[in-house]
Undergrad: 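Pasting a structure here, questions to come.
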Amino acid sequence: MIVCVAVVGHQNNPLYIQSFTEADDDLKLHHIVHCSLDVVDERVNNPKRSGSTLNETFLGLLYPTENYKVYGYLTNTKVKFMLVTTDLDVRDADVRNFFRRFHSAYVDAVSNPFHVPGKKITSRTFAERVSNIVKSFRLNPSG
Amino acid sequence: MIGVGKIKQYTNVLEKPISKGKQEVSLSAFAFLFSELVQYNQTHVDNISELERRLEDAGYAVGARVLELLCHREKGNRRETRLLGILSFVHSTVWKVLFGKVADSLEKGTEHEDEYMISEKELLVNRFISIPKDMGTFNCGAFVAGIVRGVLDGAGFPAVVTAHFVPMEGQQRPRTTILIKFAEEVLQREARLG
């Protein structure tokens, strides 16, 4: 089950955080997302392997805690997408698919001429699309 | 059946799939809009350099969005980390999507290490514009320079981008050159990456 998605700008400023659980632990989820940012920076700035992996957008599993898993995705403009989920076995392909659709929604939100780059994303359409994507991810249990 | 392509015949015209339509905007519509943009800015500023700066800022916003869109749509989400990579991306992909063709040429500057030039015989945005003599060296290509700056800035290659007219012998209208001067940190990073 996806509990939270987040969009973080290139200066690690939050652009959009949305949690999908009924429980009121937003702060804990923000904290988890914040900690995962360190892992992203580490992956981006210390290329252990050179070559094609330097350019990959999907970063994979970043930060497994006791009941959450965090996946990361980096776009061309250093904007990061984070996905916090409680599923124990999610397929890689599903997460990639999720991020692809999420990226599509993000590009549409940013193309809005009234959106100021660097400020929070306030578009209601974006919020609706994201919750649709999250719902359809939930209905396809993997594994 | 081996190798024979079957063309589906639609007996009823209502059953044909709806075409995606041309992914192009009419040039005259854009020319009107751009001329209105220039005129509006002209009435709000006092001097030429301010006008150029405003056009460039307008282009910057376009460039930032174009980068996001193109990376998602065309490039298959690969991130450019090398100088030549991002330059050839701007020169071919961005130009193709915005103007329908690749830029005429991409050159490296001879005097300075950090200068690159994209030249075009005539910029699309300048097609219906003629600059009056008293405006000196003003070039509406500042809008395109702003777009290039937006793309480079978003991709992590800060640069100063300007548009210039370069007179050529044997041709009536001068060519336009977009001059890109990269910041120091870009060159250092490029040298580090080897």
Undergrad: Kindly check if the number of other-residue, nucleotide or ligand heavy atoms within 6.0 Å of NZ (Lys78(A)) is above 12?
TA: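 Atom NZ in Lys78(A) is not packed in, count stays at 12 or less.
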Undergrad: Leu69(B) and Tyr106(A): same hydrophobic cluster, using ILVMFWY side-chain contacts below 4.5 Å?
TA: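 Cluster IDs for Leu69(B) and Tyr106(A) differ.
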Undergrad: Take atom CD in Glu185(B); do more than 12 heavy atoms of anything else shown fall under 6.0 Å from it?
TA: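 Count not over threshold, so no.
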Undergrad: Which residues in residues 27-43 of chain B have any heavy atom closer than 4.5 Å to a heavy atom of chain A?
TA: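 Within residues 27-43 of chain B, near chain A: nothing under 4.5 Å.
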Undergrad: Might you point out which heavy atoms bring Arg65(B) and Pro117(A) nearest each other, and give the distance in Å?
TA: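 That closest heavy-atom pairing would be NH2-CD, 4.5 Å.
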Undergrad: So which of Val116(A), Val79(A), Asn112(A) has the largest heavy-atom pair count under 4.5 angstrom toward chain B?
TA: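 That would be Asn112(A).
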Undergrad: Heavy-atom distances under 4.5 Å only: say whether Leu67(B) touches chain A with side chain, backbone, both or neither.
TA: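 Side chain only.
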Undergrad: Under the rule for side-chain contact (heavy atoms from CB on, under 4.5 Å), what residues qualify as partners of Tyr60(B), not counting sequence neighbours?
TA: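 Tyr60(B) satisfies side-chain contact (heavy atoms from CB on, under 4.5 Å) with Arg149(B), Asp153(B) only.
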Undergrad: Between Asp108(A) and chain B, which part of the residue has a heavy atom less than 4.5 Å away: side chain, backbone, both or neither?
TA: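 Looking at Asp108(A), nothing touches chain B.
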Undergrad: When you compare the side chains of Glu68(B) and Ser111(A), does any donor N or O come within less than 3.5 Å of an acceptor on the partner?
TA: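 Distance-only check fails for Glu68(B) and Ser111(A).
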Undergrad: Look at atom NZ of Lys96(B) and say whether more than 12 heavy atoms of other residues, nucleotides or ligands are closer to it than 6.0 Å.
TA: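 At most 12 heavy atoms, drawn from other residues, nucleotides or ligands, come within 6.0 Å of this atom.
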Undergrad: Hydrophobic clusters here meaning ILVMFWY residues chained together by side-chain heavy-atom distances under 4.5 Å, can you tell me if Phe165(B) and Leu179(B) are in one?
TA: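 Looking at the clustering, Leu179(B) is in a separate group from Phe165(B).
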Undergrad: Would a hydrophobic clustering, with Ile, Leu, Val, Met, Phe, Trp and Tyr connected at side-chain separations under 4.5 Å, put Val66(B) with Val102(B)?
TA: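 Looking at the clustering, Val102(B) is in a separate group from Val66(B).
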Undergrad: More than 12 foreign heavy atoms under 6.0 Å from NZ of Lys121(B): is that the case here?
TA: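 Count not over threshold, so no.
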